[in-house]
Novice: 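Take a look at the following structure, please.
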Amino acid sequence: MPKTRSPLAIIFFTIFIDLVGFGIVIPVLPLYAERYGASEAVVGVLTAIYSVMQFMAAPVLGKWSDRVGRRPILMISLLGSSLGFFIMALAPRLPGGFGLFGMSSVLVWLFVARIIDGISGGNISTAQAYIADVTTPESRSRGMGLIGAAFGLGFIFGPLIGGLMSNISAEAPFFFAGAMAAANATALFFFLPESLSAEHRGRATKRAGINEIFRGSGDWHLKAVMATYFFATLAFAMMTVTYALFASERFHFDARHTGYVFAFVGTLGAVIQGGLLGRLVKIFGEKTLAVLGTAIFAASLFALPMSATVAWLLIASTGISIGNSLVTPTLNGLASKSVSPSAQGRILGVMSSVASLARIIGPLLGGFLLGRDARFQTVAPLRYGRTPYWTSGAIMLIALVLSFAAHATEGSENKAEERASMAGVEG
């Protein structure tokens with residue numbers, strides 16, 4: 001297993017550039033879609049369709065990355081993301097005159113773009129597998145924290161760039177994101193070495209299915225990790241898809257102001273996951289941090305719709321950032337430590353698929369519940385946002401209960417390797 005820090009630095013930069021493009025879209029897309037007639041519910045569906053495609057594609061990409069290597073999968077997915085962004089930017093200029101389900105042709109093209117981007121969106125699980133390839137089990141959660149830090153920095157620069165560029169034109173943020181993704185794929189081709197050895201790629205073609213991996217890695221404990229991850233991602237997805245609309249209604253935020261909030265939250269997430277997480281894992285361990293993170297996350301979601309001032313909005317958003325920064329990398333680290341090196345792509349692909357399923361349900365549920373609140377705006381304006389955020393807070397309480405059972409079985413990595421090997425021979 002390579003020990004050098006150079007591949008980690010390169011993959012971090014690759015993920016960072018990718019997530020800057022992703023972050024550009026977050027505060028802009030809901031308002032962009034709303035401009036062309038999308039309701040709260042349609043915005044939820046538009047967000048969810050990305051995750052529907054990611055849900056189907058992530059395990060396949062993970063399996064392929066175990067067989068052909070991480071580098072080619074990352075390059076292909078980045079090129080797909082670039083295409084999706086350019087279609088978003090060009091949607092008002094692409095051939096029209098048609099519509100589906102009463103939507104304008106622009107909204108139809110936005111859905112096409114999100115479908116393409118969603119298929120390409122499994123690259124995060126491949127990046128996680130890359131990190132697992134070049135880190136030891138002891139430093140695994142810290143390595144996964146690099147992706148969280150990249151997310152945090154993406155939330156700093158992405159929404160900020162998106163908000164500022166939206167002042168140029170509504171399409172400018174998407175053009176910029178598409179160009180960044182294309183440049184990122186080019187840089188990856190020249191600078192990122194392959195992390196998975198030919199030996200492990202050969203083993204991956206002989207491995208048994210995911211059921212054998214579960215049985216070889218403590219079964220229930222790994223399922224508890226995935227269930228906690230599912231509910232935490234579900235709650236976060238509900239919050240993300242409704243945040244821009246909530247902030248616009250409650251505090252009259254535009255895309256630029258929402259971008260500033262995401263930049264603040266992203267800074268905090270980057271500090272925690274990029275700088276503090278390794279030390280915190282050594283002191284407290286992954287399980288304790290996962291439990292603490294879910295508790296903070298739940299409390300912050302209950303507090304968010306009670307915000308009567310911008311200061312309280314920032315306090316609740318800070319809690320959400322802290323909770324998510326503790327939960328996500330530790331759960332990915334626990335899952336990764338539960339399986340063998342040649343199964344990293346598959347198990348992290350399944351984790352990504354679990355998260356994608358949550359991101360399918362979350363935006364749909366969040367958009368629907370926020371739409372219900374919108375009906376009562378004239379008689380109860382402070383109700384707007386309570387239903388989706390209190391529901392997501394209750395979901396996080398479920399995650400909190402599950403997090404007590406989420407841990408990697410001692411020696412599970414070796415056991416998973418041995419049992420999966422035997423299963424592969426028997427098959």
Side-chain angles (χ1 to χ4, degrees), residues 22-35 37-52 107 110 114 155 158-159 162-163 231-266 297-308 310 312-321 323-324 355-377 380-396 399:
F22 179 79
I24 285 173
V25 174
I26 290 175
V28 176
L29 183 60
L31 301 177
Y32 186 63
E34 193 177 45
R35 170 180 296 188
S39 64
E40 287 92 343
V42 172
V43 170
V45 176
L46 184 63
T47 305
I49 195 67
Y50 173 94
S51 297
V52 170
L107 285 179
L110 289 180
R114 294 293 284 174
F155 272 104
F231 285 115
T233 307
L234 174 62
F236 190 77
M238 290 176 65
M239 183 279 300
T240 301
V241 75
T242 56
Y243 193 96
L245 298 174
F246 170 74
S248 175
E249 175 63 31
R250 181 69 63 87
F251 301 104
H252 307 292
F253 280 14
D254 57 15
R256 179 168 56 90
H257 289 95
T258 304
Y260 290 154
V261 175
F262 276 114
F264 164 73
V265 168
F297 201 166
S300 301
L301 285 170
F302 281 115
L304 185 60
M306 304 300 292
S307 303
V310 173
W312 279 110
L313 177 72
L314 293 178
I315 291 172
S317 302
T318 297
I320 291 171
S321 177
N324 186 62
S356 297
L357 178 61
R359 294 188 188 105
I360 295 167
I361 300 172
L364 294 173
L365 182 58
F368 171 75
L369 294 177
L370 190 65
R372 285 178 58 87
D373 284 359
R375 300 190 193 121
F376 299 93
Q377 282 176 264
L382 292 181
R383 176 172 174 170
Y384 191 80
R386 285 186 182 180
T387 307
Y389 296 140
W390 286 356
T391 301
S392 58
I395 289 170
M396 282 306 299

Novice: Between Ser307 and Phe251, what is the shortest heavy-atom contact and its length?
Specialist: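 Ser307 and Phe251 have their closest heavy atoms at O-CZ, 3.7 Å.
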
Novice: Quick check for you: to the nearest 0.5 Å, what is the distance between Ile361 atom CD1 and Thr233 atom OG1?
Specialist: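 Ile361 CD1 to Thr233 OG1: 11.0 Å, rounded to 0.5 Å.
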
Novice: Does Leu301 form a side chain to side chain contact (heavy atoms under 4.5 Å, CB included) with Met238? I'd like the steps, not just the answer.
Specialist: CA-CA 10 Å; Leu301 285 170; Met238 290 176 65; over 6 Å; no

Novice: Let me confirm one number: the CD-CG distance from Glu34 to Leu245, rounded to the nearest 0.5 Å.
Specialist: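 Between Glu34 CD and Leu245 CG, I get 6.0 Å after rounding to 0.5 Å.
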
Novice: Between Leu314 and Val261, does the side chain to side chain contact (heavy atoms under 4.5 Å, CB included) criterion hold? Intermediate values first, please.
Specialist: CA-CA 7 Å; Leu314 293 178; Val261 175; 4.2 Å; yes

Novice: So, the side chain of Ser392 versus the backbone of Tyr389: is there a donor-acceptor pair under 3.5 Å, distance only?
Specialist: yes

Novice: So Tyr260 and His257, would you call those rings parallel, tilted or perpendicular, with 30° and 60° as cut-offs?
Specialist: perpendicular

Novice: Within this structure, what is the CG-CD1 distance for the pair Leu234 and Ile395, rounded to the nearest 0.5 Å?
Specialist: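 If we round to the nearest 0.5 Å, Leu234:CG and Ile395:CD1 are 4.0 Å apart.
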
Novice: How are the rings of Tyr384 and Phe246 set to each other: parallel, tilted or perpendicular (split at 30° and 60°)?
Specialist: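 Tyr384 vs Phe246 ring planes: parallel.
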
Novice: Would you name the heavy atoms of Ala298 and Gly393 that are closest together and state the gap between them?
Specialist: CB-O, 4.0 Å

Novice: Considering non-hydrogen atoms only, spot the tightest contact between Gly37 and Leu107 and give its length.
Specialist: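 Closest approach of Gly37 to Leu107: C-CD1, 4.2 Å.
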
Novice: Looking at every heavy atom in both Leu46 and Ile49, which two are closest together, and how far apart are they?
Specialist: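 Minimum heavy-atom contact is O-CG2, 3.2 Å.
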
Novice: Checking Arg250 side chain against Pro305 main chain: does a donor-acceptor pair fall under 3.5 Å?
Specialist: yes

Novice: Side-chain contact, heavy-atom cut-off 4.5 Å: Tyr243 with Ile320?
Specialist: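 Not in contact.
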
Novice: Mind running side chain to side chain contact (heavy atoms under 4.5 Å, CB included) on Phe236 and Met396 for me, showing each step along the way?
Specialist: CA-CA 9 Å; Phe236 190 77; Met396 282 306 299; over 6 Å; no

Novice: Can you give me the closest heavy-atom contact between Ala358 and Ala237, atom names plus distance?
Specialist: O-CB, 4.2 Å

Novice: In Å and rounded to the nearest 0.5 Å, what is the CG to CG distance from Leu364 to Leu369?
Specialist: 10.5 Å

Novice: Is the shortest heavy-atom distance from the side chain of Ser248 to the side chain of Thr258 under 4.5 Å?
Specialist: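 Counting from C-beta outward, Ser248 and Thr258 never come under 4.5 Å.
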
Novice: To the closest 0.5 Å, what do you measure between CG (Asn324) and CE (Met239)?
Specialist: 7.5 Å

Novice: What distance do Leu29 atom CG and Leu110 atom CG have between them, rounded to the nearest 0.5 Å?
Specialist: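 Those atoms lie 6.5 Å apart.
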
Novice: Within the distance-only criterion (no hydrogens, no angle test), does the side chain of Ser321 pair as donor or acceptor with the backbone N or O of Ser317 below 3.5 angstrom?
Specialist: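 No, because the side chain of Ser321 does not come within donor-acceptor range (under 3.5 Å) of the backbone of Ser317.
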
Novice: Please name the pair of heavy atoms, one in Thr242 and one in Gly366, separated by the smallest distance, quoted to 0.1 Å.
Specialist: CG2-O, 3.5 Å

Novice: So do the side chains of Val265 and Thr318 get within less than 4.5 Å of each other, counting heavy atoms only?
Specialist: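 Result no, sub-4.5 Å side-chain heavy-atom pair not found.
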
